[in-house]
Each structure stands twice: as C-alpha cells, then as structure tokens.
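See below for the structure under consideration.
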Amino acid sequence: KPHLDPWLLLILLVASALMLSSLDNGRLWQDEAETAVLARNILQFGYPTAFDGVNLLNPGLRFREGFVWTYHTWFSLYLTAASFLLFGVTTWAARFPFVLLGIASIWLASRLIFRITRDRALARWTAVLMTTSVPFLLHMRECRYYAPSVLFSLWMSWAYLRFLKQRPGSNWELACSSIMLFHSNHGVFIPVTLALIVHFLWSRPSTVIWRSALRVGLVTAICTVPFMLYLQAWQHHDFPGWKELSRHVAYYFRQINKFILPIPFWALLAFFNRKSLGRLWGRAGSEQRQGWILAASLLGIGILFLIFLPWQRHFRYLIYLLPWLLMLQAAGL
C-alpha cells in the first residue's frame with residue numbers, strides 16, 4: 001500500500017482553503033435555492049414536498065400526490081436537510097457538506113489515477129489540476145447534486161476496478177457506490193453504468209466474475225429501478241432533434257476546450273509524443289491499459305449521452321467527467 005503522500009496532503013489543504021472560504025458570500029442561486037427549499041420542507045414534513053402550505057416550488061413541473069418532488073433524486077436534498085438540522089438553515093450550512101464531498105473527490109481522483117498508473121507524479125498533477133480548476137471549485141461549492149455526482153462516479157469506478165480483481169468486499173462496494181450514484185443523479189448513473197458494462201464485456205471476465213456481476217446488478221436494480229419508475233426518470237431525456245445535435249457537439253467541444261483542457265493543443269502534442277504516451281498507455285492486458293480504456297469508455301459514452309439524450313445543454317452536465325479529463329491533461333503534462 002502506498003504511504004501517505006505529504007504533497008497530496010498539502011494540495012488537499014489548499015483545496016480546502018479555497019472551497020471553504022466565504023461560503024456564505026452570495027445568496028443561493030436559483031437551482032441551489034431549489035435544493036435548499038426542498039431540504040427545509042423535509043425538516044418540516046419529513047419528505048421532499050414542493051408545497052409548504054403557502055408557497056409552491058416550480059409549479060410548472062409534475063409532482064406526485066402530496067406535491068412530492070420527482071424532478072431529481074433525493075440524496076442531495078436529504079444531505080442539505082441534515083446540514084440544516086446540525087448547523088441551522090443558513091447559506092453556509094446549505095453549501096458546507098457539498099464542499100466536503102468536493103475535497104474527497106480530489107483525494108479519490110488522485111488515488112484512482114495512481115491505482116491505474118502507479119505514477120505518483122501523475123496523481124499529484126491530477127490533484128493540482130482539480131484544485132486550480134475554477135469551474136470545478138465553483139461547482140463543488142454549490143448546494144446541488146454536482147459534488148455527489150463527481151464523488152460517487154469516481155467511487156463507482158474505483159470499486160469496479162477492485163471488483164475486476166475480486167478484492168475482498170468489492171462486490172458490496174460496487175453495489176453501494178452504484179446505488180449512491182443513482183440517488184445522487186440518475187442522469188449520471190445511466191452513462192457511467194453503460195460505460196462500465198461496455199468495459200466489462202471488453203475485459204472478457206471469467207465465469208466467477210460474471211456470477212458476481214449478476215449479483216451486484218440484481219442488488220443495484222432492486223434499490224434503483226422502483227425509484228426510477230416512481231421519479232419518472234425519463235422526463236429529463238428527450239431526443240433533441242437532428243438540428244440540435246450539431247449544436248450540442250459544438251457546445252460541449254467549446255466548453256471542454258475553453259474551461260477544462262485545450263483539445264487541439266493536446267491532440268497535436270500527443271501525436272508528436274506517441275512513444276512517451278505509449279509508456280503511460282501500458283502493455284496489452286495490463287491493469288494500466290485496462291484503466292485507461294475505462295477512462296476512454298466513461299468519457300466517450302458520457303459525452304455521447306449528453307449529445308443525444310437531454311434536450312438541454314449545460315456545462316454542469318460535464319462536471320462528473322471533469323476529473324477524467326484532467327487526468328488526461330495530467331498525463332500530457
């Protein structure tokens with residue numbers, strides 16, 4: 001097991017200072033306020049209701065009987081409610097637990113890339129890039145599903161790599177991380193699960209691993225499918241039409257290129273440094289190669305999902321892919 005890296009600890013302290021400072025500076029914006037209002041209603045009624053007896057939240061949306069909120073999954077709502085219960089109903093309390101998850105995401109992303117490559121410098125670079133990414137910091141400071149989506153998608157990937165090696169407890173870890181990701185954001189759970197399935201089929205697992213996968217899948221389905229039906233998860237997704245597809249492609253290319261990593265620059269550099277990158281890519285069948293193919297699967301399916309299914313396009317939909325994109329940039333550096 002790798003010893004505690006003092007440089008990583010220093011990076012996490014810097015990230016904590018950046019994300020925890022002045023959390024109450026600025027009111028909750030529209031979507032944050034939506035989460036906070038629902039969390040406050042949980043404290044009063046015990047469940048996320050859009051109606052508190054006086055005010056109706058987002059009346060244009062569909063609700064279940066009793067104005068039960070079904071537009072999002074509920075983990076972020078109950079997390080915020082727990083913070084309100086501990087610290088009071090304030091702007092700072094609304095954002096605080098999400099910052100903690102954001103800090104944990106930096107640590108887990110660095111551990112994940114180290115597990116794939118066994119390269120400590122690459123793990124440090126990944127943590128530095130995440131800590132100095134303004135879009136990442138801003139999203140982790142918000143009272144919304146962004147931080148849980150990032151953390152639990154990374155955890156699910158970590159658990160999956162352990163699962164392929166049949167490490168002790170990896171079956172339950174994969175099931176738990178999958179369930180937590182679903183209840184944080186089913187719009188992230190679906191492409192991440194598809195990416196893992198594609199990678200699993202590519203890896204040609206043994207019969208023993210297949211049986212374990214079926215058990216994990218069954219447990220996950222029992223804990224997610226009924227809730228997916230109750231929430232009517234398909235209400236978010238609609239084929240945008242062929243005219244919009246090109247706009248989706250152009251939009252996400254611009255957002256990644258401008259705010260995460262310069263795509264043409266790194267593509268050109270990779271072309272002229274193929275031998276150096278080949279060493280990072282690893283040997284055929286190695287855990288290193290397996291990890292990078294997982295990264296490619298997550299990024300490819302994740303971006304295709306955003307292009308073809310949601311009718312809206314927003315930068316925040318990319319946020320769970322940001323650590324993987326910064327891992328690529330770290331490899332380039």
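The structure presented is a predicted model; accordingly, all values stated were derived computationally and were not measured.
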ask   = Near W155 CH2, under 6.0 Å, is it more than 12 heavy atoms from other residues, nucleotides or ligands?
value = yes

inquiry  = Please determine whether the number of non-hydrogen atoms from other residues, nucleotides or ligands lying under 6.0 Å from atom CZ of R64 exceeds 12.
reply    = yes

Calculate, to the nearest 0.5 Å, the distance between atoms [atom1] and [atom2] belonging to [X] and [Y] respectively.
| X | Y | atom1 | atom2 | answer |
| --- | --- | --- | --- | --- |
| L261 | L333 | CG | CG | 10.0 Å |
| L122 | I116 | CG | CD1 | 9.0 Å |
| Y78 | L38 | OH | CG | 10.5 Å |
| I42 | L85 | CD1 | CG | 11.5 Å |
| L18 | L137 | CG | CG | 6.0 Å |
| M156 | F163 | CE | CZ | 11.0 Å |

Taking [X] for the side chain and [Y] for the main chain, is one N or O donor matched with an acceptor at less than 3.5 Å?
| X | Y | answer |
| --- | --- | --- |
| S133 | L129 | no |
| S157 | S153 | yes |
| R40 | T35 | no |
| R167 | R162 | no |
| S177 | E173 | yes |
| N257 | I263 | yes |
| S212 | V208 | yes |
| T90 | A93 | yes |
| N58 | G60 | no |
| W74 | W69 | yes |

Between [Y] and [X], is there a side-chain heavy-atom distance shorter than 4.5 Å?
| X | Y | answer |
| --- | --- | --- |
| I303 | I256 | yes |
| F51 | L57 | no |
| L101 | V150 | no |
| L164 | S203 | yes |
| R118 | Q288 | no |
| H72 | L77 | no |
| Y145 | R316 | yes |
| L161 | R115 | yes |

task = Show your reasoning for whether ring-ring contact (aromatic ring centres under 6.0 Å, His included) applies to F96 and F87.
result = CA-CA 10 Å; F96 175 68; F87 305 112; 5.6 Å; yes

Name each donor-acceptor pair under 3.5 Å that joins a side chain in residues 189-202 to protein atoms two or more places apart or in another chain, with its distance.
{"from": "T193", "atom 1": "OG1", "to": "F189", "atom 2": "O", "distance (Å)": "2.7"}
{"from": "H199", "atom 1": "ND1", "to": "Y160", "atom 2": "OH", "distance (Å)": "2.7"}
{"from": "H199", "atom 1": "NE2", "to": "Q290", "atom 2": "O", "distance (Å)": "2.9"}

Residue pair Y71, E34: steps toward the side-chain hydrogen bond (donor to acceptor under 3.5 Å, both in side chains) verdict = CA-CA 11 Å; Y71 199 65; E34 182 180 84; over 6 Å; no

ask   = Under the ring-ring contact (aromatic ring centres under 6.0 Å, His included) test, which residues partner H183, sequence neighbours left out?
value = F227

inquiry  = So, using ring-ring contact (aromatic ring centres under 6.0 Å, His included) as the criterion, who are the partners of Y251 when residues are at least two apart?
reply    = none

Do [X] and [Y] land in one hydrophobic cluster if side-chain heavy atoms of ILVMFWY residues count as linked below 4.5 Å?
| X | Y | answer |
| --- | --- | --- |
| V89 | W29 | no |
| V219 | L174 | no |
| W172 | L154 | no |
| F45 | L61 | yes |
| F271 | W292 | no |

task = Determine the interplanar angle of the H186 and F182 rings, folded into 0 to 90°, and report it as parallel if under 30°, tilted if 30 to 60°, perpendicular if over 60°.
result = tilted

note = Those residues at least two apart in sequence (or on a different chain) that pass side-chain contact (heavy atoms from CB on, under 4.5 Å) with V249 are I307

note = The side-chain contact (heavy atoms from CB on, under 4.5 Å) partners of A94 (sequence neighbours excluded) come to L28, T80, F84, C143

Closest contact, heavy atoms only, [X] versus [Y]:
| X | Y | result |
| --- | --- | --- |
| M130 | F136 | O-CD2, 3.3 Å |
| F63 | T70 | CA-OG1, 4.4 Å |
| A147 | S105 | O-OG, 4.2 Å |
| S184 | S149 | CB-N, 4.4 Å |
| R27 | R95 | O-NH2, 3.2 Å |
| T49 | G66 | OG1-O, 3.2 Å |

Taking ILVMFWY side chains as joined if any heavy atoms are under 4.5 angstrom apart, and letting links pass through other members, which residues group with [X]?
| X | value |
| --- | --- |
| V134 | L138 |
| W7 | L10 |
| L218 | I222 |

request  = Apply ring-ring contact (aromatic ring centres under 6.0 Å, His included) to F152 and F75, showing your working.
outcome  = CA-CA 11 Å; F152 294 134; F75 176 80; 5.4 Å; yes

message = Determine whether V99 and M140 satisfy the following criterion, side chain to side chain contact (heavy atoms under 4.5 Å, CB included), listing intermediate values before the conclusion.
response = CA-CA 5 Å; V99 168; M140 296 304 100; 5.8 Å; no

task = Is it possible for you to check whether R111 lies under 6.0 Å from the centre of the six-membered ring of W158, through NZ or CZ, and within 45° of that ring's axis?
result = no

key: Aromatic centroids of H139 and F98 separated by under 6.0 Å   = no

Test of understanding: with side chain to side chain donor-acceptor pair (under 3.5 Å), list the residues that count as partners of [X], not counting sequence neighbours.
| X | value |
| --- | --- |
| E287 | none |
| R254 | none |
| W210 | none |

Donor-acceptor pairs under 3.5 angstrom involving side-chain atoms of residues 319-327: please list them, not counting sequence neighbours.
none

